[in-house]
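The structure under discussion is supplied below as structure tokens; questions concerning it will follow.
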Protein chains: 2
Amino acid sequence: MTNKEKQTEEIIAEAAREVFVEKGMAGARMQEIADKAGINKSLLHYYFRSKDKLFDFVFSKIMGKIGGMLQGIMQEGVSIEDKIGKFVDTYTDLLSKNPFLPNFIFGEITRNPDGLIKRFASADIKPNQLLDPLQRQLNKEGYTIHPHDFILNLLSMVIFPVVARPIVERIFFEGDHKAYKEYLLSRKLSIVDFVMKALQGYK
Amino acid sequence: MTNKEKQTEEIIAEAAREVFVEKGMAGARMQEIADKAGINKSLLHYYFRSKDKLFDFVFSKIMGKIGGMLQGIMQEGVSIEDKIGKFVDTYTDLLSKNPFLPNFIFGEITRNPDGLIKRFASADIKPNQLLDPLQRQLNKEGYTIHPHDFILNLLSMVIFPVVARPIVERIFFEGDHKAYKEYLLSRKLSIVDFVMKALQGYK
DNA sequence: ATTTGTATTGACCATTTGGTTAAACTCTTT
DNA sequence: AAAGAGTTTAACCAAATGGTCAATACAAAT
């Protein structure tokens with residue numbers, strides 16, 4: 001039945017997401033996905049014809065979700081500082097709950113860069129619709145920093161500490177995971193502060 | 001002969017480094033390493049007993065090299081601004097020549113975080129010897145920023161744009177690789193500028 | 001209850017892949 | 001040149017892995 005179909009497909013997709021995100025395309029095993037979904041391996045191929053197809057499905061879904069969040073934040077006509085704050089807040093929470101996500105995304109994008117164009121298209125993400133308004137806004141508020149630098153610095157400071165989690169956790173907090181997570185959340189304020197202080201220098 | 005042995009081992013290690021760094025542990029194939037080294041696959045196992053051992057050798061060597069560079073820069077008794085400048089310069093060049101390096105390192109460290117402790121020990125890296133002097137220096141020069149935030153922000157801005165290369169290259173430069181690379185180098189100044197401007201706010 | 005279409009499974013297959021082994025080659029030593 | 005140690009190769013192996021297929025369980029419709 002369609003209802004049952006939808007449910008099983010959902011269960012499989014979620015199991016696949018977890019395994020793919022943690023192990024990557026090459027490291028993921030169809031058997032492990034099947035086990036995690038509590039089904040037979042053949043059923044994976046019944047719903048999604050191949051590993052590639054399943055991966056594609058999972059990856060596109062993730063990209064769409066992330067891109068959508070970004071567009072939501074950036075499109076609102078609020079001040080630079082509020083945008084920064086909301087961006088840092090939203091993505092810090094997201095990454096805090098999905099620590100493997102950045103590594104997964106960048107790893108797979110590096111492995112197959114050509115897929116990016118297709119994915120942007122299918123997820124309906126239009127980068128220029130994010131960049132151009134930001135540039136105008138920076139101009140209008142009198143900041144001379146190039147928007148490429150601005151957005152990249154901001155993204156870096158939010159995402160990188162998650163990518164480098166094992167190192168940060170060990171070196172800064174002697175392996176204390178709780179301390180690391182608290183620090184990550186405390187960076188919400190810290191990053192906004194840092195960026196705003198830097199921006200003052202560009203006025 | 002020991003001379004010949006050394007030479008072949010070197011060739012193998014270099015081939016293995018290239019393949020491992022680009023494909024990761026799970027994605028790398030012993031056959032591909034053998035091909036790249038221009039030798040028989042059996043010879044890989046003759047020199048390095050297993051894929052794991054070979055990987056371990058390659059990874060430790062890389063970590064040692066990177067850690068060494070970092071220690072070299074940080075230990076010198078120069079001003080904060082000069083340290084930042086030298087750090088950004090050195091690592092931007094390194095990453096520009098080894099674009100797969102960050103993804104590789106963070107991917108593998110995420111895959112096997114426990115190996116980190118062992119690796120730091122064997123590469124003779126002592127994180128506190130880097131952090132403590134920096135903290136004192138920030139204090140002495142009157143900056144109130146926490147050294148964790150400072151060092152993480154700096155690392156982020158240098159490393160992240162390389163990790164996210166395919167995305168940056170596509171969105172910012174419509175896939176123009178040369179433009180991306182030039183931008184990466186131009187960030188040397190841009191980052192130092194940004195960080196110094198931010199630091200002014202912490203005085 | 002029987003049929004019919006869908007969902008699910010177990011057994012099986014072909015290929016890939018890390019690894020082994022015995023033979024062959026090379027180079028040095030005597 | 002013969003011996004011998006170290007180096008390199010081709011052939012092979014066992015396990016893992018993505019994928020197929022025929023058979024079965026299941027649910028709804030007749």
Side-chain angles (χ1 to χ4, degrees), chain A residues 1-62 100 104 107-108 111-112 114-115, chain B residues 1-62 100 104 107-108 111-112 114-115:
Chain A
M1 225 191 202
T2 310
N3 229 2
K4 194 175 195 175
E5 198 177 50
K6 198 93 199 193
Q7 207 183 335
T8 309
E9 191 177 302
E10 197 58 42
I11 291 170
I12 293 176
E14 171 57 20
R17 192 190 61 85
E18 289 174 31
V19 175
F20 275 133
V21 166
E22 185 169 342
K23 307 269 175 84
M25 167 66 173
R29 295 289 108 103
M30 294 296 267
Q31 188 60 59
E32 190 181 349
I33 294 174
D35 290 348
K36 183 159 271 182
I39 55 156
N40 191 284
K41 185 165 64 104
S42 305
L43 207 57
L44 287 186
H45 291 91
Y46 178 74
Y47 279 91
F48 304 84
R49 294 176 55 92
S50 69
K51 190 186 184 184
D52 275 294
K53 293 252 174 55
L54 177 54
F55 178 83
D56 234 58
F57 180 84
V58 167
F59 194 68
S60 290
K61 201 172 161 188
I62 290 177
F100 294 113
F104 167 71
E108 297 307 329
R111 194 178 56 92
N112 175 25
D114 294 331
Chain B
M1 234 204 191
T2 308
N3 232 2
K4 196 176 195 175
E5 199 176 51
K6 198 91 197 195
Q7 207 183 335
T8 309
E9 191 178 302
E10 197 58 41
I11 291 170
I12 292 176
E14 172 56 20
R17 192 190 62 83
E18 288 174 33
V19 176
F20 275 133
V21 167
E22 186 168 342
K23 307 270 175 85
M25 168 67 174
R29 300 286 155 237
M30 294 296 267
Q31 189 60 58
E32 190 181 349
I33 295 174
D35 290 347
K36 183 158 272 183
I39 56 157
N40 190 284
K41 185 167 65 104
S42 304
L43 208 57
L44 287 187
H45 291 90
Y46 178 76
Y47 279 92
F48 304 84
R49 295 175 53 91
S50 70
K51 190 185 182 184
D52 275 292
K53 294 251 173 58
L54 176 55
F55 178 83
D56 233 60
F57 180 85
V58 168
F59 194 67
S60 290
K61 201 172 161 187
I62 290 176
F100 294 112
F104 167 70
E108 298 305 329
R111 195 178 55 92
N112 175 26
D114 294 333

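Here is the naming used below: chain letters follow the sequence lines, and residue numbers restart at 1 for every chain.
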| How long is the line joining CD of Q31(B) and P of dG19(C), in whole Å? | 13 Å
| task | Show the numbers, then the answer: is there a ring-ring contact (aromatic ring centres under 6.0 Å, His included) between F55(A) and F20(A)? | result | CA-CA 7 Å; F55(A) 178 83; F20(A) 275 133; 5.0 Å; yes
| L43(A) CG to dA25(D) P: how many Å, rounded? | 16 Å
| message | Using a strict heavy-atom distance below 4.0 Å, which residues from residues 20-29 of chain A are in contact with DNA chain C? | response | none
| Just checking, is any N or O donor in the side chain of N112(B) or E108(B) under 3.5 Å from an acceptor N or O on the other one? | no
| query | So, the side chain of K51(B) versus the backbone of M25(B): is there a donor-acceptor pair under 3.5 Å, distance only? | reply | yes
| task | Specify the separation, in whole Å, of atom CD1 of I11(A) and atom P of dA7(C). | result | 14 Å
| Y46(B) has an atom OH; how far is it from atom P of dA11(D), in whole Å? | 21 Å
| message | From CE of M30(A) over to P of dT8(C), roughly how many Å is that when rounded to an integer? | response | 16 Å
| note | Here the pair of heavy atoms bringing L43(A) nearest to I12(A) is O-CD1, 4.2 Å
| Is I11(A) close to I39(A) at the side-chain level, that is, under 4.5 Å between some pair of heavy atoms? | no
| note | Value for CD (E10(B)) from OG1 (T8(B)), rounded to nearest 0.5 Å, stands at 10.0 Å
| query | Rounded to whole angstroms, how far apart are NZ on K51(B) and C1' on dA16(D)? | reply | 12 Å
| remark: Rounded to whole Å, the CG-P distance (L54(B) to dG19(C)) equals 10 Å
Identify each atom pair where a protein N or O and an N or O of nucleotides 20-23 of chain D are less than 3.5 Å apart, giving names and distance.
{"residue": "dT20(D)", "atom": "O4", "partner": "S42(A)", "partner atom": "OG", "Å": "3.1"}

| said: What I want to check is whether the side chains of D52(B) and S50(B) have a donor and an acceptor closer together than 3.5 Å. | reply: no
| said: Just the rounded figure in Å: distance from P of dG18(D) to CZ of F48(A). | reply: 16 Å
| Hey, is the side chain of T8(B) poking within less than 4.0 Å of OP1 or OP2 on dT8(D), counting only N and O atoms? | yes
| said: For a quick test of reading the model, state the closest non-hydrogen atom pair linking H45(A) to K41(A) and the distance between them. | reply: ND1-O, 3.5 Å
| field | Non-neighbouring partners of K36(B) that pass salt bridge (charged side-chain N to carboxylate O under 4.0 Å, His left out), sequence neighbours left out | value | E18(B)
